[in-house]
Amino acid sequence: MVLVDKRILSGGIVMIIVGIIITITSAEQPIGESGMSEEEIIDLMIAEDQNQAYKMLSGILIGIGFLLVLISFGARRKKDSVKRKEKKPAE
């Protein structure tokens with residue numbers, strides 16, 4: 001029997017799934033054309049910057065989600081560890 005904290009595990013899996021979805025949706029690179037105006041070039045640069053930010057966000061989400069999944073396997077307490085014994089001071 002493996003001790004698993006289900007809340008942390010489910011949170012990690014959700015973060016991994018969201019990161020993968022963001023990666024899939026930001027897969028298209030904005031493409032420029034020859035003869036673009038200055039305004040179109042600025043819009044293209046903004047779109048490239050947003051795409052790079054989405055890729056970074058998805059990488060962070062996948063990484064933290066993976067760490068949460070790993071942490072969840074050792075985060076649950078055993079049943080006997082909840083009880084604490086009080087020691088009486090020696091006189």
Side-chain angles (χ1 to χ4, degrees):
M1 180 175 180
V2 179
L3 298 175
V4 177
D5 190 353
K6 294 178 183 174
R7 290 179 294 175
I8 296 175
L9 179 66
S10 62
I13 290 173
V14 167
M15 289 180 82
I16 291 173
I17 291 171
V18 169
I20 290 172
I21 290 171
I22 291 174
T23 301
I24 291 171
T25 57
S26 67
E28 295 182 16
Q29 285 280 50
I31 300 173
E33 302 172 358
S34 60
M36 292 172 53
S37 67
E38 291 293 323
E39 186 175 318
E40 291 173 336
I41 292 172
I42 292 172
D43 290 339
L44 176 66
M45 291 173 63
I46 290 171
E48 288 175 348
D49 188 43
Q50 286 178 347
N51 193 14
Q52 183 67 27
Y54 281 134
K55 286 183 180 182
M56 188 182 309
L57 175 66
S58 68
I60 290 170
L61 283 173
I62 291 171
I64 292 175
F66 182 71
L67 287 175
L68 283 176
V69 168
L70 290 178
I71 289 170
S72 71
F73 286 106
R76 191 168 180 191
R77 291 184 179 180
K78 296 179 183 177
K79 293 180 182 178
D80 296 335
S81 66
V82 176
K83 298 177 184 177
R84 295 184 181 178
K85 297 179 181 179
E86 294 184 17
K87 296 182 180 179
K88 295 182 180 179
E91 293 182 14

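Everything numeric in this text was worked out from a predicted model, so none of it was measured.
Going from atom CG of Asp43 over to atom OG of Ser37 covers 8.0 Å, rounded to the nearest 0.5 Å. Rounded to the nearest 0.5 Å, atoms CG (Leu44) and CD1 (Ile41) are 8.0 Å apart. Distance check: Leu67 CG to Ile8 CD1 gives 12.0 Å after rounding to the nearest 0.5 Å. The distance from atom CG of Asp5 to atom CG of Leu68, rounded to the nearest 0.5 Å, is 10.5 Å.
The nearest pair of heavy atoms linking Lys55 to Ser58 is O-OG, 2.8 Å.
Residue Ile46 is found in a hydrophobic cluster whose other members, listed by chain and number, are Ile42; membership requires side-chain heavy atoms under 4.5 Å apart, directly or through intermediates.
Applying the side chain to side chain contact (heavy atoms under 4.5 Å, CB included) criterion to Ile62, with sequence neighbours excluded, gives Ile20, Thr23. Legend: residues meeting side chain to side chain contact (heavy atoms under 4.5 Å, CB included) with Met56, ordered by chain and number and at least two apart, are Ile60. For Val18, the side chain to side chain contact (heavy atoms under 4.5 Å, CB included) test picks out Val14, Ile22, Leu61, with sequence neighbours left out. Under the rule for a side-chain hydrogen bond (donor to acceptor under 3.5 Å, both in side chains), the partners of Asn51 that lie at least two apart in sequence or sit in another chain are Gln29. Residues forming a side-chain hydrogen bond (donor to acceptor under 3.5 Å, both in side chains) with Glu38 (at least two apart in sequence, or on another chain): none.
Judged purely by atom type and a 3.5 angstrom limit, Gln50 has no side-chain atom pairing as donor or acceptor with the backbone of Ala47.
Residues Ile16 and Val69 have side chains in contact (heavy-atom distance under 4.5 Å, counting atoms from C-beta outward).
By the criterion of side-chain heavy atoms lying less than 4.5 angstrom apart, applied directly or through intervening Ile, Leu, Val, Met, Phe, Trp or Tyr residues, Ile24 is grouped together with Ile13 in one hydrophobic cluster.
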